[in-house]
Amino acid sequence: MEQSRYPSFTVILVDDETEFLNSATIALRRDGITNVEAIADSRQVMDRVARGGCGVLVLDLTMPYVSGKEILEQVAKEFPEIFVFIVTAVNDLQSAVDCMKLGARDYIVKPLQQDQLLGAIRRAIESKLLEAETASLKNSLLENSLKHPEAFSSIHTNSAAMNNLFKYVEVIAPSDLPVLITGETGTGKELMAEAIHALSGRKGKYVCVNIAGIDDIVLSDTLFGHVRGAFTGAERSRKGLIEEAAQGTVFLDEIGDLRPESQTKLLRLLQEGTFHPVGSDSATLSSARVIAATNRDLKTLLRTGEFRADLYYRLQAHEVRLPALRERLEDLRILAPIFIEEGCRKLGIPVPHIKPELFSLLATYAWPGNIRELRGLMVDTVSRNDTDTLSFKYLKEKLRELRNEPVDETELDKPGSHPLDTRVSFSSSLPTMEEMELMLIQEALRRTNGNRTQAADLIGLARATVIKRLKES
C-alpha cells in the first residue's frame with residue numbers, strides 16, 4: 001500500500017550545509033514526517049515557495065547568495081501563512097530579536113540536538129494544523145448544513161447542540177492529532193469515534209479495544225504486539241492493534257482506567273509516533289490515529305495523581321464532549337419510537353400505537369444511563385405490552401422505581417387516593433390556583449431544560465397557555 005505523506009503540506013529545509021540537510025531529512029522521515037524537501041541553494045527558495053504547498057520553512061540564517069534573513073522578510077510579506085523558523089550557528093540575541101520581529105516563529109542555535117529539531121518542527125506542524133482547523137471550524141459553524149450527514153446516520157438526533165458538535169467533528173476528522181471523546185456512559189462515544197474515522201479519509205482499518213481492567217503486560221501485547229521469544233509460549237511474532245490500524249484509527253475506550261505503567265507507553269506513542277513490540281529493542285513507526293474515550297472525569301484523576309497530566313494534554317488535542325440525554329430531551333421524540341420499533345422487530349410483534357404523552361412521561365426522568373438506558377427500557381416496555389396502543393402502566397412503575405419513589409399500589413385503588421399525594425406537600429398557607437399553576441409551569445420548564453413545548457405536554461397545558469402565564473408573571 002502506498003504510504004500517505006505527512007503532513008499534508010511540505011516542510012522545506014534550507015541550508016548550504018548538505019550534511020545537515022541529509023541528516024535532518026533522514027531524522028524527520030524516520031520520525032514520520034515524510035513530506036520533506038531539502039534545498040541547498042538559497043536562490044531557489046522563493047521560486048519553490050511560490051509554487052505552493054509549503055507549510056513550514058526551516059532557514060539557515062547565514063548562507064551564500066541570499067541570506068536567511070532576506071528570505072524570511074520576503075516570505076513574511078508574501079506568504080504570511082507559512083511558519084518560518086531560523087536555525088543558525090550565530091548565538092546573537094539581537095539577531096534573534098530581529099528575526100522574531102520579521103515574523104519568525106522560532107530561533108534555534110547550532111549545534112542542536114536531533115530531538116530539539118524534531119520537537120520544533122513537530123510543534124510547528126501541530127500549530128499549523130490547529131490554525132487551519134480553527135479557520136475551517138469558524139466557516140463550518142456559519143453554515144446551516146453538514147457536508148457529510150451520512151457519517152452521522154447511526155446517531156439519531158434533532159438537537160442543535162449535537163448538530164454543532166457534528167460540524168466540529170467534520171473539521172477535526174482529517175487531522176492526525178488525537179481526539180478525546182468524553183461523556184457519561186451510554187451517550188454514544190463509540191458511534192462518534194466511528195464517525196470520526198469515516199470522515200477522516202484514512203486508508204487503514206478502524207480497530208477498537210476496551211482497556212478497562214487490562215493489566216500492563218496484556219495491554220502492551222494487545223496494542224504493540226510481540227516478537228518471537230518475547231515470553232514463554234511466544235513461538236512466533238504477532239502484530240498489535242497499533243500496527244493493524246496502520247494509516248487507520250485505533251479507538252481506546254475507557255482510557256480513564258489506564259494503569260500508570262501503560263500511560264507512560266501510550267504517552268511515548270503520542271509524543272514520538274513510535275512503539276516497541278514486547279521483547280523488541282527496536283522502535284516501530286506508527287501511522288495510526290488515536291481516538292480515546294472515557295466516562296470518567298479526567299481532571300479529577302489529574303488532581304488525585306491517577307492520570308498523567310502530559311498524557312491528558314496530548315490526548316486533548318481535540319475534545320468532543322457528548323451531552324447527556326437529559327441535556328437533549330428533544331431527542332426523546334426521535335429515539336423512543338426507534339427503540340420501540342427495534343424491540344418489536346426483535347421480538348417479532350406488531351409495533352403499537354404511541355400516544356404523545358409518552359415523551360412527556362420520559363422527560364420526567366434524568367436518564368443516568370442515557371441512550372443505552374432508554375433503549376433497554378423501551379425494549380422491556382414493548383415486551384410487556386399486550387394491546388394495540390402502548391400501555392404506560394409498567395413504564396410508570398419502572399420510572400417510579402428508578403427515581404426511588406416507592407408507591408403502595410393498594411393505596412392507589414382506594415377512592416380519593418392519588419399518586420400526587422406522595423409527591424406534593426403543602427405548608428399551612430395554601431397557594432392560590434394561579435400561584436400553583438405558575439409553580440407547576442416553572443418546575444416543568446426546569447425538568448425540560450426550558451423547552452416550552454415539552455413543558456406544556458408534561459403538565460397537560462397548551463403551549464400558548466404556558467407562554468401567556470409566563471408573560472403575566
Side-chain angles (χ1 to χ4, degrees), residues 3-133 175-177 271-274 285 317:
Q3 294 291 313
S4 59
R5 291 164 70 85
Y6 175 82
S8 55
F9 50 81
T10 307
V11 176
I12 298 180
L13 309 176
V14 183
D15 199 306
D16 59 313
E17 296 180 15
T18 55
E19 185 178 344
F20 169 77
L21 289 178
N22 291 335
S23 61
T25 300
I26 292 170
L28 287 169
R29 287 177 175 160
R30 188 185 298 126
D31 197 52
I33 302 171
T34 55
N35 198 353
V36 183
E37 291 181 22
I39 299 176
D41 188 336
S42 60
R43 294 171 295 185
Q44 301 172 2
V45 175
M46 290 311 301
D47 285 341
R48 170 60 189 87
V49 170
R51 292 202 302 273
C54 175
V56 177
L57 184 62
V58 182
L59 288 174
D60 183 26
L61 192 61
T62 306
M63 296 181 290
Y65 309 120
V66 185
S67 72
K69 195 171 182 179
E70 291 175 89
I71 296 173
L72 168 62
E73 192 169 5
Q74 192 171 352
V75 169
K77 184 183 298 183
E78 298 178 22
F79 306 95
E81 71 280 4
I82 296 177
F83 278 44
V84 182
F85 63 88
I86 301 296
V87 176
T88 178
V90 180
N91 188 5
D92 176 60
L93 179 60
Q94 187 58 51
S95 176
V97 171
D98 290 344
C99 288
M100 300 302 277
K101 284 182 178 179
L102 288 173
R105 301 287 180 134
D106 207 346
Y107 186 99
I108 304 174
V109 178
K110 295 179 181 178
L112 69 165
Q113 298 295 320
Q114 196 173 87
D115 288 347
Q116 186 182 7
L117 176 65
L118 293 175
I121 293 178
R122 276 208 170 272
R123 287 192 297 273
I125 290 172
E126 290 178 6
S127 296
K128 181 75 176 170
L129 291 172
L130 285 172
E131 275 193 6
E133 287 163 12
S175 167
D176 293 310
L177 297 175
Q271 281 183 332
E272 302 172 9
T274 61
L285 190 65

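What you see is a predicted model, and the numbers here were worked out from it, not measured in a lab.
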So how far is it from Thr34 OG1 to Leu28 CG, rounded to the nearest 0.5 Å? 10.0 Å
Atom pair CG/OG of Leu61 and Ser95 - distance to nearest 0.5 Å: 4.5 Å
Would a distance-only check, ignoring hydrogens and angles, find a side-chain to backbone donor-acceptor pair under 3.5 Å from Ser42 to Asp16? no
Straight-line distance of Gln116 CD to Asp106 CG, nearest 0.5 Å: 8.5 Å
Spacing of Ile108 atom CD1 and Leu117 atom CG [to the nearest 0.5 Å]: 6.0 Å
CD1/Ile82 to CZ/Arg105 distance, rounded to the nearest 0.5 angstrom? 11.0 Å
Mind listing the closest non-hydrogen atom pair of Phe9 and Cys54 along with its distance? CB-C, 4.5 Å
Would you find more than 12 non-hydrogen atoms of other residues, nucleotides or ligands less than 6.0 Å from Glu126 atom CD? yes
All heavy atoms of Asp15 vs all of Met63, minimum pair found to be CA-SD, 4.0 Å
Looking at side-chain heavy atoms only, is the closest gap between Phe79 and Met46 below 4.5 Å? yes
Taking the side chain as everything from C-beta on, heavy atoms only, tell me whether Leu13 gets closer than 4.5 Å to Ile121. yes
I'd like to know if the side chain of Lys101 reaches the main chain of Ala96, judged simply by a donor and an acceptor atom lying under 3.5 Å from each other, with no hydrogens or angles considered. no
For the residue pair Gly52 and Arg48, what are the closest heavy atoms and their distance? O-NH1, 2.9 Å
Evaluate the side chain to side chain contact (heavy atoms under 4.5 Å, CB included) criterion for residues Leu102 and Lys69: first the C-alpha distance (whole Å), next the side-chain angles of each, then the deciding distance (0.1 Å), finally the verdict. CA-CA 8 Å; Leu102 288 173; Lys69 195 171 182 179; 3.8 Å; yes
N/O donor-acceptor pair under 3.5 Å between Ser175 side chain and Leu177 backbone: yes
Nearest 0.5 angstrom please: Thr62 OG1 to Glu17 CD, how far? 10.0 Å
Looking only at heavy atoms, what is the nearest atom pair of Arg29 and Val36, with distance? NH2-O, 3.1 Å
What's the verdict on side chain to side chain contact (heavy atoms under 4.5 Å, CB included) for Leu59 and Leu72, showing C-alpha distance, side-chain angles and the deciding distance? CA-CA 8 Å; Leu59 288 174; Leu72 168 62; 4.2 Å; yes
Do Val11 and Ile33 have side chains that approach each other closer than 4.5 Å (heavy atoms only, starting at C-beta)? yes
Under the criterion side chain to side chain contact (heavy atoms under 4.5 Å, CB included), I'd like the reasoning laid out for Val75 against Leu57: C-alpha separation, chi angles, the key distance, then a yes or no. CA-CA 9 Å; Val75 169; Leu57 184 62; 3.9 Å; yes
Tightest non-hydrogen contact, residues Val87 and Asp60, listed as O-OD1, 2.9 Å
Shortest non-hydrogen pair, Phe85 vs Ala124, comes out as CE2-CB, 4.2 Å
Cation-pi check, Arg43 onto Tyr65 ring (under 6.0 Å, within 45° of axis): yes
